[in-house]
Every structure is written in C-alpha cells, then in structure tokens.
There are 2 protein chains.
Amino acid sequence: MYKIPIFLIYLIFCAGALGEGMMLQRPSADSSGPGFTPLVVVELASDTKEEAIAWLLSRIRDQQHNGGAELLVEQLGPGVEGQEKENPNMFVVGASWQRLLSGAEDVGLFKEFSDGSMRGFTCANKHNFKDFKGDGDDFLSMAECQYIIKHELDTLRAKDETHVPGYTQVKLYPGKSIIRRLQSKGILIQFFPLHEKEELKRLSFSWYKKMKLSFQPLDDIRHYYGEGQALYFGFLEYFTIALVPMALIGVPYYLFDWEDYDKYVVFAVFNLIWCTVILELWKRCSASLAYSWGTLSRKKAFEEPRPGFHGVLGFNPVTGREEPLYPNAKRQLRIYLVSLPFVLLCLYLSLYVMMIYFQMEGWALSVYDEEPTFWTGILLFIPSIIYAVVIEIMNLIYRYAAEFLTEWENHRLESSYQNHLVLKVLVFNFFNCFASLFYIAFVMQDMVLLRQSLATLLITSQILNQFMEAFLPYWLQRRRNKKMIHKVRKRRTLEDKELPLAEQVRLEAEMSTYLVGAHRTCTLIQFHDREVQFIQYMRQMSIRSPFVCVYRSICLSGLSLSQGTFDDYLELFLLFGYVSLFSCVYPLAAVLVVLNNVTEVYSDAFKMCHVFKRPFSDPAANIGVWQLAFEAMSVIAVVTNFALIGMSPQVKAYFPESETQLILWTVAIEHGLLAFKFILTFLIPDVPKHIQIKLAHLEFESLEALKKKKMLEASELTKMVQ
Amino acid sequence: MYKIPIFLIYLIFCAGALGEGMMLQRPSADSSGPGFTPLVVVELASDTKEEAIAWLLSRIRDQQHNGGAELLVEQLGPGVEGQEKENPNMFVVGASWQRLLSGAEDVGLFKEFSDGSMRGFTCANKHNFKDFKGDGDDFLSMAECQYIIKHELDTLRAKDETHVPGYTQVKLYPGKSIIRRLQSKGILIQFFPLHEKEELKRLSFSWYKKMKLSFQPLDDIRHYYGEGQALYFGFLEYFTIALVPMALIGVPYYLFDWEDYDKYVVFAVFNLIWCTVILELWKRCSASLAYSWGTLSRKKAFEEPRPGFHGVLGFNPVTGREEPLYPNAKRQLRIYLVSLPFVLLCLYLSLYVMMIYFQMEGWALSVYDEEPTFWTGILLFIPSIIYAVVIEIMNLIYRYAAEFLTEWENHRLESSYQNHLVLKVLVFNFFNCFASLFYIAFVMQDMVLLRQSLATLLITSQILNQFMEAFLPYWLQRRRNKKMIHKVRKRRTLEDKELPLAEQVRLEAEMSTYLVGAHRTCTLIQFHDREVQFIQYMRQMSIRSPFVCVYRSICLSGLSLSQGTFDDYLELFLLFGYVSLFSCVYPLAAVLVVLNNVTEVYSDAFKMCHVFKRPFSDPAANIGVWQLAFEAMSVIAVVTNFALIGMSPQVKAYFPESETQLILWTVAIEHGLLAFKFILTFLIPDVPKHIQIKLAHLEFESLEALKKKKMLEASELTKMVQ
C-alpha cells in the first residue's frame with residue numbers, strides 16, 4: 001500500500017533538501033569592524049547602565065593575574081536600521097593568538113603530538129605538536145578559539161564586588177560567575193560564536209551538496225562545530241549503516257507477507273542481538289573518534305566546573321586549583337530524596353491521568369450508546385480535549401521542574417548536568433510516547449492496528465521532519481536575510497554582495513539558537529496523546545482508512561520542530577524504539593528508519609549550516625546518557641518482543657493444551673536472550689585495543705615522569721641540605 | 001530438630017580450633033647457614049647434572065646488565081638423615097637490601113609517600129617514602145622481599161642458550177623463562193618462601209589465639225602473606241558480617257514455623273536486594289583495602305608478563321620494555337573457537353550423562369518392580385555406580401583440559417590466566433554442584449526435602465570442613481615435625497629447641513603446598529552426584545530419617561579438602577549459593593552460614609599458619625573473577641527464588657482461577673526486581689569518592705609532570721639548536 005509513495009516522497013524530499021540555499025555572509029574585518037578577528041558576540045540589554053557596561057568591559061580586558069579574562073572586546077558599530085530600532089549594546093570579542101594558545105592550555109585541549117600520540121597542549125612545548133607551524137595562528141580551529149573564549153568568559157568570576165555596578169539588586173560574591181549572574185538577571189541577553197563564511201561554504205559542499213553517497217566529513221564537522229556535533233552526525237551515520245542489515249532481512253518478510261511467527265521469532269532474535277552488537281560497537285567507534293579528536297583523554301575530574309556551579313570557594317583536591325566546592329553527599333541527597341521521588345510521582349500522575357481519561361472515555365461512550373444524539377456525540381470528544389489540556393500543562397510543568405531540580409542539584413560538570421537533565425526528561429517522554437503503542441499492543445492486542453500505527457508514524461514523521469525542521473525555518477530566515485540585504489542596499493551600494501560586519505552580526509543574532517543539551521523538552525507528548533484519543537475514537541467508529549494517516553500526519557507536526565542536540569537524539573531514540581520494540585510485528589520498520597535517516601542526515605546538515613546560530617563547540621568524549629538510553633531501550637525491546645511473540649495466535653497454536661507451557665517457554669527463552677545480551681555487552685571491550693594501548697602508554701609515561709620529577713625534587717632537597 | 005546440636009557442635013569445634021598448636025621453627029642464620037637471610041628455597045631434582053646446577057647458580061648470581069638476577073644463593077648443608085636419603089640439591093636464595101629495593105622498583109611496588117598518597121617506589125626517591133628509615137632494611141616486609149625474589153627468578157630469561165647445559169633435550173630460546181622450563185621438565189622440583197618464626201607467632205596470636213571476637217588483623221595478614229590472602233580473609237570477614245542481618249531476620253521465620261508465603265516473598269525480596277547491596281559495597285571495601293596496600297594503583301598494563309607467557313620477543317607498546325609479545329586476536333580466537341565450545345560441550349555432556357543416568361534408574365526401578373528379587377535389588381545400585389565412575393572420569397579429564405586450554409590460550413598476565421581458569425572450572429562445578437538441589441526443587445518439587453538437604457549440607461560441611469581442612473593435615477604435619485626433632489636430638493643436643501636451618505628447610509619442603517589460584521579443581525562433583533543418587537534411592541524407599549544425614553556427612557568429606565585460594569573461595573561461593581538461591585525455602589541458611597564462617601575464619605587461619613608451606617604473596621587488587629561469580633549467582637538467585645515462590649501452593653491459592661495470571665505476575669515482579677538490581681549496581685560507585693579523588697590526583701600530577709618533562713625536553717632541544 002505504502003511501498004511506492006514512500007520512495008517517491010523520499011526522492012522528492014531528497015532533491016529538495018539538496019537545493020541550493022543562500023549562504024550566510026561571514027563577518028570580515030572590513031574598515032567598519034574591529035582591529036581583530038571577531039569570534040564571539042555578546043549582546044547586552046539595550047537599557048543596560050553605562051557603569052555596568054564599563055565594568056564588564058574592563059573585567060573582560062583586564063590582565064589575567066588581576067582576575068580578568070585578558071580578551072579583546074569592541075562595541076559593534078550601528079547598523080543600517082539606525083540607532084532607535086536596534087540594540088546598541090552589541091559587542092564582539094576576540095583575542096590575540098598568544099592569549100588563545102594559553103587559553104587552550106587552560107581548558108586542557110588535547111592535540112596530536114609529533115610522535116602521533118594525543119597530549120595535553122602546553123604553550124612552552126607548542127613546537128612539538130604536529131600541526132604547530134610558525135606562530136601557530138592556524139593551530140587552533142575557529143571552533144576551538146570560540147570555545148576558549150566562551151570558557152574564559154564563563155570563568156570570569158567576581159572578586160570582591162558585592163554587586164554589579166549600577167545594579168545594587170544584582171548581588172555578587174567571590175567566585176560567582178559574572179556572565180551567569182548577568183544572564184540570569186536579563187542584563188546579558190545572549191552570547192554566541194560567529195559563522196565563518198568561507199569555511200561554511202567548504203563544509204556544506206563536502207557535507208551535503210554533492211549528490212553522491214559518501215561518508216560524512218566528520219573531521220570537517222568537528223573542525224567547524226566541535227566534537228559534540230560531530231559525534232551526533234557520526235552516530236546518525238553509524239546508526240543508519242548499522243540498520244541496513246536489519247532492513248535487508250526485513251524486506252522479504254514484508255513483501256511476501258510472511259505471517260509465520262516461527263520466522264518472526266528468528267527475525268526478532270536476530271534483531272535483538274544485532275541491536276546489542278551495534279550499540280557495543282558504537283562505543284568502540286565513538287572512543288576511536290574521541291581519541292583522535294583528543295576528547296577521550298580529557299579527564300572529567302580535571303575539567304573546570306560549569307558556570308552555574310556554586311559553592312564555598314576552596315581548593316579542588318584533585319587539581320589543587322581554587323574553585324567552588326560542593327559536598328557530593330548533599331547532591332546525592334537532593335537527587336535521591338527530592339528529584340527521584342518527584343520524577344516517580346510525575347510518572348505515576350501521568351499514568352493516573354491516563355487511566356482517568358480511559359474511564360471518562362468509557363463513560364462518554366456508554367452515554368452515547370444509550371442515547372446517540374448530537375450532543376452526546378460531542379460529549380465523546382470532551383474527555384480527549386480535557387486530557388490533552390491536562391497533559392499539555394503537566395508536560396510544561398514537568399519541563400520547568402526538571403530544569404529547576406537539575407540546576408538545584410548543583411552538578412559540578414556541564415556533562416553531568418546535561419546527563420541528569422536528559423535522563424529526567426527522557427524517562428517522562430519515553431513513558432508518554434510509547435504509551436499509545438503499548439496500549440495498542442498489549443491492551444487492545446490489535447497487531448494490524450499496531451503495524452499501521454508504526455507505518456504511519458515512520459512515514460509521516462519522515463516527511464514532516466524534513467519540512468518542519470529545515471525548510472520552514474530556512475524560509476523564514478531567508479526572508480529576514482533578504483530584507484536585511486535590501487535595506488543595506490537602499491543605503492549603500494554593495495558591490496561584493498557581502499554584508500558589513502554590523503549587519504551580519506545582527507542578522508545572526510536573530511537566528512534561532514541551536515541548543516546543545518536538553519534545555520528544551522519536545523512536545524512529543526501532545527502528539528502521542530492525541531494519537532491515543534484518535535485510535536480510541538477510530539476504534540469506536542470502526543474506521544481504518546488512509547484518512548487516519550492524514551490526520552496523524554498533522555498531529556505529528558508538533559513532534560518535529562527539533563531545536564537542539566536533545567531533540568535530534570530524541571528523534572533517533574524514538575526511531576530506534578519503533579524498530580527494536582516492535583520488530584517482530586513490523587519488519588519493514590528498519591527500512592523506513594534507514595530511509596528516514598538518510599534524509600535526516602541532509603536536513604540536519606542543512607539546518608546546522610543555514611537555520612541556526614552557530615553553536616559553541618562542546619568537547620564531548622561520547623554521546624553521554626544517550627548510550628545508556630539506547631541500551632535500556634534494547635533491554636526493554638527483548639521483553640516487549642517476547643511478550644508480543646507469546647501473544648501471537650500462531651505461537652499459541654503450538655501449545656494448544658496449556659497456556660502455562662507457552663508462557664514458561666517464552667519466559668525461558670527471553671531470560672536466555674537477556675543473559676546472552678549481558679554477556680555480549682560484557683565481552684566486547686568498550687575501547688579498541690590499539691587505543692587502550694595508547695591511553696595506557698600515556699599513563700605509563702606520566703607515572704614515569706612523575707617518578708622522575710619526585711626524584712629531581714629529592715636530589716635538589718639533598719643538595720640544599722648539604 | 002537441629003537447633004541445639006548445631007550450637008553444641010559449633011562450640012566444641014571452636015574451642016578445638018583455638019587449641020595451642022606447636023610452632024614451626026624458623027630458619028635462623030646460625031653458623032651452619034648461609035651468610036645472608038635466606039628468603040626462598042629452590043629445590044632441584046637430586047639427580048640434576050652438575051653443569052646445569054653451576055649454570056643456573058651463575059645465572060642467578062650474575063649481574064643484572066648481563067641478564068642475571070643478581071641474587072645471593074647458597075647450597076643447603078646436609079641434614080641429619082645423611083647424604084644417601086635426602087636431596088642434596090636444596091638452595092636458599094636471598095639478596096642484599098640494595099638489590100631488594102631496586103627489585104621493588106622493578107616490580108612496581110606502591111608505597112605510602114610522605115604526603116600520605118600511594119606512589120610507585122623508586123630507589124632514587126626512597127627517602128621520601130613514609131616508612132623508609134636509615135638504610136631501609138625494615139622498609140620491605142619479608143613477604144614483599146620473597147615476592148621480589150620470586151619475580152626476579154621468574155623473569156630470568158634465556159639469552160643465547162639453545163638448551164640447558166647438560167640437557168640437550170631441554171630446549172631454550174631467547175626470552176623463555178628459565179625457571180618455567182626447568183619446572184616443566186622436572187629439573188626444578190619446587191621453589192617456595194620460608195616461614196619466619198617470630199612474625200608467625202605474633203601473627204597467629206593476634207589472628208586466632210585470643211578468644212574475644214574482633215576484626216581480622218588484615219594488615220598483619222597482608223604483611224605476612226601478601227594482598228591476595230589478606231583480601232580473602234577480608235572478604236570472608238565482610239561476607240560473614242554482611243550475612244548477619246539476613247540471619248537475624250531468618251531466625252523468627254524458622255523458630256515460629258511461618259509457612260506463610262507472603263512473608264517469604266518479603267523475606268526473599270529483602271535477601272535479593274541485600275545480596276546486591278553487599279556485593280556492591282564489597283567492591284568499595286576491597287578498593288579501599290587495595291588502595292591502602294598499594295595494589296589498586298598498580299596498573300595491569302604495566303605489569304610484567306607471567307613466566308608461562310611465550311611469544312616473539314619485542315617491545316611492549318605501553319612500557320617500551322623488551323618482553324615476549326603475543327597477538328590478542330589470536331588469543332581471542334583460541335578462547336572463542338576452542339575453549340568456549342569445549343566448555344559448552346562438556347556442560348552438555350554432563351547434562352546428557354545425567355539424563356542417561358535418570359533413564360537407567362527408571363529402567364532399573366521398573367525391572368525391580370516387576371520382579372523384586374535380590375539380584376534386581378542389586379541392579380538398582382548399578383546405574384548409580386556407573387554414573388559415579390563416569391562423572392569421576394569426566395571431572396578428571398575436564399580439570400586437565402581446562403588447565404591445558406588456559407595455558408594454551410597464553411595469557412600475558414597471571415591474573416587473567418587465573419581468571420580464565422577459575423571461570424572454566426567454576427562453571428562446570430556450579431553446574432554439577434547445584435544440579436541435585438535444582439532437581440529436588442524444580443523436578444521433584446519437594447520443598448521439605450529441599451529444606452532438609454540444605455540443612456544437612458550446611459551442618460555437615462561445617463563440621464567436616466574443620467576436621468578435614470585443618471586437623472587432619474595438622475596432625476600429619478605434627479607427626480612429621482616431632483619425628484624430625486627426635487632424629488636431630490639423637491645426633492646432637494638441642495638446647496634451644498630450635499631446629500637448625502637445614503632441617504627446618506627440609507621440614508617445610510615437605511609441607512603441603514597452598515595453591516594461590518585454581519591449579520586444583522575440587523571433587524565436589526562426586527559428592528553432589530552421590531547425593532542425587534541417594535535422594536533418588538531414599539525416595540524410592542520412602543525413607544526420610546536422621547540416618548540420611550549421617551550418610552551424607554560421609555559423602556561430604558570428599559568436598560572439604562581445601563588446598564588453595566580456589567577451594568577457599570569456592571566454599572564461600574557455594575555457601576552463598578545455598579543462602580541466596582533457596583532463601584525463600586530455608587530462611588535458617590544464613591544463620592548456619594554465619595556460624596560456619598566464624599569457625600572457618602579460625603580454621604583457615606590455623607591452616608595457613610601451621611599446615612601449609614608459606615605461599616608467595618600475590619599482589620591482588622580485588623578478588624578477581626570471584627566478584628563476577630558472586631554477582632552472577634545473585635542474578636540467578638532472583639530467577640530461582642521467584643520460580644520457587646511461583647510454585648508454592650500458598651501463592652497459587654491467590655490465583656485459584658488462572659495459573660497464567662500467577663505466572664505473569666511472578667514474571668513481572670521478577671523483571672522489576674532484576675531491573676532494580678541492575679540500577680542499584682549501576683548507581684553505587686565501585687570506588688569510594690575519597691579514593692577516586694586520590695587516584696585522580698595522582699593521575700593529574702602525573703600528567704602535569706609529563707607536560708613539564710616534555711617542556712624541559714623542548715627547551716633543551718632549543719638550547720642545543722642554538
């Protein structure tokens with residue numbers, strides 16, 4: 001039924017995604033610009049007091065030994081729209097090469113050494129690094145420079161100021177991050193890195209403009225967007241390729257309508273083992289990538305605390321650096337005594353609300369059955385509406401509560417903050433997203449409807465994703481872009497078609513922000529709940545027509561507006577869920593997911609280049625809590641699949657005399673498979689051998705160096721005594 | 001029924017175990033002894049050729065830069081029995097303090113530094129270590145010295161010799177461990193460390209001679225026997241204390257005969273969670289101990305290969321040292337393509353044999369039923385006899401095959417060799433040991449018999465363990481000891497009652513060897529199979545009398561002869577299995593295990609001090625594969641317990657209408673508990689925070705030192721260029 005249209009739609013959208021997009025113009029150091037390469041833009045509120053601005057700028061420019069950041073900063077000249085309409089408090093920040101190199105040492109960047117190993121960069125030793133040539137002005141990528149500047153701004157901490165000058169109510173205390181306080185009080189609106197036109201052009205060409213299928217240019221992506229983004233695209237590509245075998249095996253099942261559950265069992269077992277294997281191999285893959293990018297060796301314990309982290313100033317017991325300290329026990333108490341019960345309560349509430357909804361539905365249906373008039377017909381819709389509203393409100397509250405709680409837990413590292421936030425939001429979303437499918441599968445036990453639902457979900461999400469994620473925002477952005485060019489043209493003559501820096505910065509400032517991490521929870525829940533209502537309704541009406549698909553497609557649109565890594569990963573996670581949880585019911589799922597991912601690669605790439613502000617690079621060593629989420633999903637998948645197989649009439653036919661036997665067998669095989677999964681996970685090493693050796697070698701060398709150092713110290717001490 | 005006798009027997013045995021044992025006499029440097037403190041004894045075959053002895057001694061004495069071990073070695077003088085009866089080729093090995101200190105650096109000993117952290121010992125830096133005073137002749141414990149000498153002897157590798165002088169058939173090649181080759185060819189009979197009388201006296205006093213209950217003197221044990229032994233006793237103590245809550249909760253269940261399965265469910269769930277928690281906490285405990293003993297920071301990758309490891313000589317990619325190399329992929333292939341299928345085949349065979357046995361039993365029984373004569377009555381026993389013989393043979397073959405295969409897998413590290421061997425033997429033993437209990441529980445479904453079996457097993461094993469493990473070997477040894485003293489007295493007058501060194505060494509050489517690791521598989525299987533036969537038989541005869549216990553006690557004696565760490569751990573592992581696997585059937589198990597362990601501590605301590613040769617210390621950082629085995633057991637326990645609960649008539653009564661409902665609920669709760677277990681395991685960090693910080697600090701310091709070192713190198717390079 002769907003076979004032909006999918007491919008058609010797919011091709012059309014592929015072609016669309018590849019269409020030429022207008023390039024964003026890059027800030028160049030023209031006459032009106034500052035005397036340095038602008039890297040990062042800082043936007044303050046337009047009504048910020050002069051003394052606060054002066055104080056902030058002086059702190060940014062101040063020498064490091066005075067507690068400043070020692071960066072270059074200049075106010076942006078007025079744009080074309082005139083002083084009255086635009087914000088005058090836009091600043092571009094840059095730094096000298098020397099400062100950036102010393103910053104690279106501060107943030108603990110790992111670079112390739114002349115002997116091929118990865119080592120922590122040090123200025124004194126810079127000439128021994130592989131790519132360090134001349135003064136080293138090509139050594140750091142722009143993304144790295146921007147990351148360094150972000151780090152320096154973030155770690156600009158209050159000294160003895162009690163409040164921000166001009167704002168007595170904006171309190172400061174020694175060690176508090178200035179930027180964070182200004183941001184939380186609304187004085188600092190945003191700060192973001194600038195795009196780089198030439199690089200972006202080159203990147204987008206190698207990334208998605210050539211038609212031929214090739215691997216993602218991960219190193220280029222990493223060079224431009226940083227490790228976090230590159231790992232996402234690496235994972236997306238890996239995941240797509242890894243699903244191909246499952247897709248290939250699934251096709252004959254679908255084409256020849258093998259309803260034979262024996263064969264489905266084989267297929268499901270293969271799928272489940274395959275899922276485990278690909279997830280384990282991804283860890284190795286990711287470790288290889290992270291090693292070559294130098295983020296694998298960066299140790300969490302040595303990282304500086306994230307800006308939002310607060311506590312009593314003290315000395316870090318590991319590094320000996322002065323930084324805020326916060327007792328771990330207190331954080332654990334907050335997590336286990338407050339956050340965990342809260343999440344469980346919310347899950348319970350959401351389940352409870354769902355149950356009430358089902359009851360109301362039943363009641364409305366019974367009323368309608370008794371007296372089928374127009375008004376009782378309308379009554380049928382009322383539970384759905386109430387439910388949708390309640391869930392929407394709950395979702396909103398949950399989202400803010402999760403953010404608040406995770407902030408309150410006061411994690412020292414950005415990564416652990418992100419992981420805890422993602423985990424909270426993910427659990428809630430998973431619970432709500434798959435509720436409808438679980439309902440169809442286990443309560444309604446309607447496999448045909450389940451298959452239909454999966455097909456619809458996968459096909460519509462594919463189409464609408466491309467549209468809502470990339471095209472719509474892109475068109476909006478292009479309109480803004482054109483308007484700006486038009487305005488500039490009205491005032492000046494633009495020969496080279498390039499926007500001056502001031503306009504370019506303002507244009508980029510208005511682009512949507514691509515959020516690294518989970519600062520926004522998606523609204524999937526709305527869609528899925530509408531789905532449940534709809535299925536309920538359709539069931540009552542006994543309608544199962546292609547019309548269903550259309551309605552759902554519209555519902556789905558709520559799902560697709562992805563605005564950051566969280567949403568991108570969540571999408572993959574849900575797709576993985578569809579493939580693995582119900583693989584024994586709908587073998588074509590893998591095919592659809594592969595097709596979806598192929599277009600996803602292009603649309604995501606396009607989106608990154610043309611729709612969003614450039615994000616700060618994120619030196620990630622792995623995909624964090626998502627690995628865990630995918631693994632948990634693959635475990636749940638084993639249970640679900642065997643439950644589905646056990647429920648199927650074909651399998652039931654094997655045990656005509658005793659249902660107990662059937663269940664016991666199913667449970668036994670399921671336990672066996674689970675055990676096998678865990679053994680497999682245990683046996684496949686997470687880091688490839690050659691990288692383990694390199695890491696061990698670095699550690700060995702370090703310990704030897706430490707021994708030597710202590711020896712030197714000892715011999716010097718002896719000399720002094722003599 | 002058993003309540004009073006247990007305690008009585010227990011008290012009697014406790015008192016017995018504490019009885020004064022005659023001290024072993026320590027070698028003292030008297031006039032007939034060598035001019036150095038003898039540490040290790042090397043015994044060569046009495047017919048060893050002179051040239052081989054001369055060559056070996058010269059290699060041991062040779063300078064290190066010539067490839068020698070640079071140790072002191074002397075031939076032991078003749079004993080009292082005269083030249084003709086005793087072996088003249090006994091050598092005592094020692095070393096100068098300087099050599100021992102440089103050896104400590106070679107083996108990578110971690111010691112407490114002056115700032116309280118643990119650091120790798122270096123000679124140049126020796127004065128900065130905490131306990132280093134004067135020349136440092138008290139710095140290393142005797143166990144450490146002996147370990148160093150063992151290491152130096154083990155790593156004495158062939159240079160350009162093609163064979164051992166005098167033995168053209170004993171081939172050597174560059175890099176082959178000389179000691180290992182001599183041992184495998186029977187030229188070297190054994191080498192073992194000597195006891196130290198004064199220390200042993202002090203240790204045994206603080207360990208088991210004082211009556212009052214106190215914690216084990218783990219640091220003293222570690223000082224005398226090394227980390228591996230100390231960890232075993234630490235684990236034994238921890239395990240015993242951890243079981244106390246389970247024992248306390250179990251007592252009322254037993255005393256008041258609560259047959260209520262609701263309560264049993266609560267008890268079982270508590271037990272299962274408690275097992276997980278104690279195993280996780282043990283990891284932390286063990287990490288703390290290992291850190292304070294300096295073995296936690298010793299990295300596997302930096303360890304030198306074990307003597308039996310062979311391969312092409314090359315450079316270790318991590319440490320850069322010259323040593324044999326062997327490709328990991330080849331080892332993996334051997335493990336997965338040969339060893340794993342072999343183990344599975346053996347398990348299958350053992351199952352198959354068991355099935356045949358049951359069939360034969362059934363056949364014999366039917367013949368007897370048809371025609372109950374004397375001859376058919378004898379026929380009843382024939383299947384059991386055949387089965388026992390077959391199993392005995394299989395066990396023997398398996399044991400040798402496992403050792404051969406693990407040797408053939410060619411593991412680089414002693415620890416990984418041990419882990420693979422233990423795992424192989426353990427799986428087979430587990431399979432065979434618990435088969436009878438599983439048979440009673442799930443095939444016979446006879447809970448009363450199961451309870452009785454557990455009680456018998458636990459009580460008899462306790463009594464017989466003490467007897468067979470400690471007293472019997474001790475009496476044998478004492479007889480030998482007295483005989484020797486008697487002989488010496490006949491020739492000379494012994495004023496101080498101390499044996500001269502030569503006699504002492506010969507006496508110790510004849511003591512049993514305490515095997516560190518799994519070089520001997522126990523014969524448990526025999527016992528357990530006899531148990532199955534017996535239960536079958538008793539069932540046929542409908543006999544269930546106290547007589548059963550007596551018969552079993554005799555069978556059990558085969559189980560108890562523990563000769564090394566493997567057997568000691570295996571005993572604990574089986575006890576843990578009895579407690580956790582069937583906790584919902586026999587709540588008193590924990591009480592019996594606690595009592596057993598209390599006496600076990602004493603008898604093991606006694607055995608270590610007086611029955612066995614002193615073992616070489618084993619710098620273990622954890623209990624290795626046993627941790628995994630205990631964890632696997634606790635997972636299996638969840639499944640078993642829920643199966644037992646699901647089978648109980650009381651629980652069945654809750655679901656009178658539908659067995660399916662019962663099973664589904666049981667499975668659901670079991671899955672929930674398994675998930676909870678895994679989450680718990682994941683959440684509890686394996687290493688306590690303060691040790692994590694110390695480790696991270698060491699790593700940070702090391703990396704900083706490496707940076708500095710590279711900087712210095714760079715600046716020197718710059719100077720040289722200028």
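Basis for what follows: all heavy atoms, side chains included, without hydrogens, waters or symmetry-related copies. Chain naming here is simple, since letters A, B, ... match the order of the sequence lines and numbering starts at 1 in each. Source: prediction; values computed, not measured.
Using a 4.5 Å cut-off between heavy atoms, B:Val639 contacts chain A through its side chain alone, with no backbone atom that close. Interface residue A:Thr660: backbone and side-chain heavy atoms are both found under 4.5 Å from chain B. Proximity to chain A (any heavy atom under 4.5 Å) is shown, for B:Leu662, by neither the backbone nor the side chain. For B:Leu628, the part sitting under 4.5 Å from any heavy atom of chain A is the side chain, from C-beta outward, and nothing else. Interface remark: B:Ile663 contributes side-chain atoms only to the contact with chain A (heavy atom separation under 4.5 Å).
For the set B:Lys689, B:Glu704, B:Gln692, the entry with the most heavy-atom pairs within less than 4.5 Å of chain A is B:Lys689.
In terms of the ring-ring contact (aromatic ring centres under 6.0 Å, His included) criterion, B:Phe642 has no residue partners (sequence neighbours excluded).
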Could you give the side-chain donor-acceptor pairs of residues 670-683 of chain B under 3.5 Å, partners two or more places apart or in another chain?
| from | atom 1 | to | atom 2 | distance (Å) |
| --- | --- | --- | --- | --- |
| B:Glu670 | OE1 | A:His671 | NE2 | 3.1 |
| B:Glu670 | OE2 | A:His671 | NE2 | 2.6 |
| B:His671 | ND1 | B:Val667 | O | 2.9 |
| B:His671 | NE2 | A:Glu670 | OE1 | 3.1 |
| B:His671 | NE2 | A:Glu670 | OE2 | 2.5 |
| B:Lys677 | NZ | B:Thr276 | OG1 | 2.7 |
| B:Lys677 | NZ | B:Ser634 | OG | 2.7 |
| B:Thr681 | OG1 | B:Lys677 | O | 2.7 |

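The minimum heavy-atom distance between B:His697 and A:Val318, with the atom names listed, is ND1-O, 2.6 Å.
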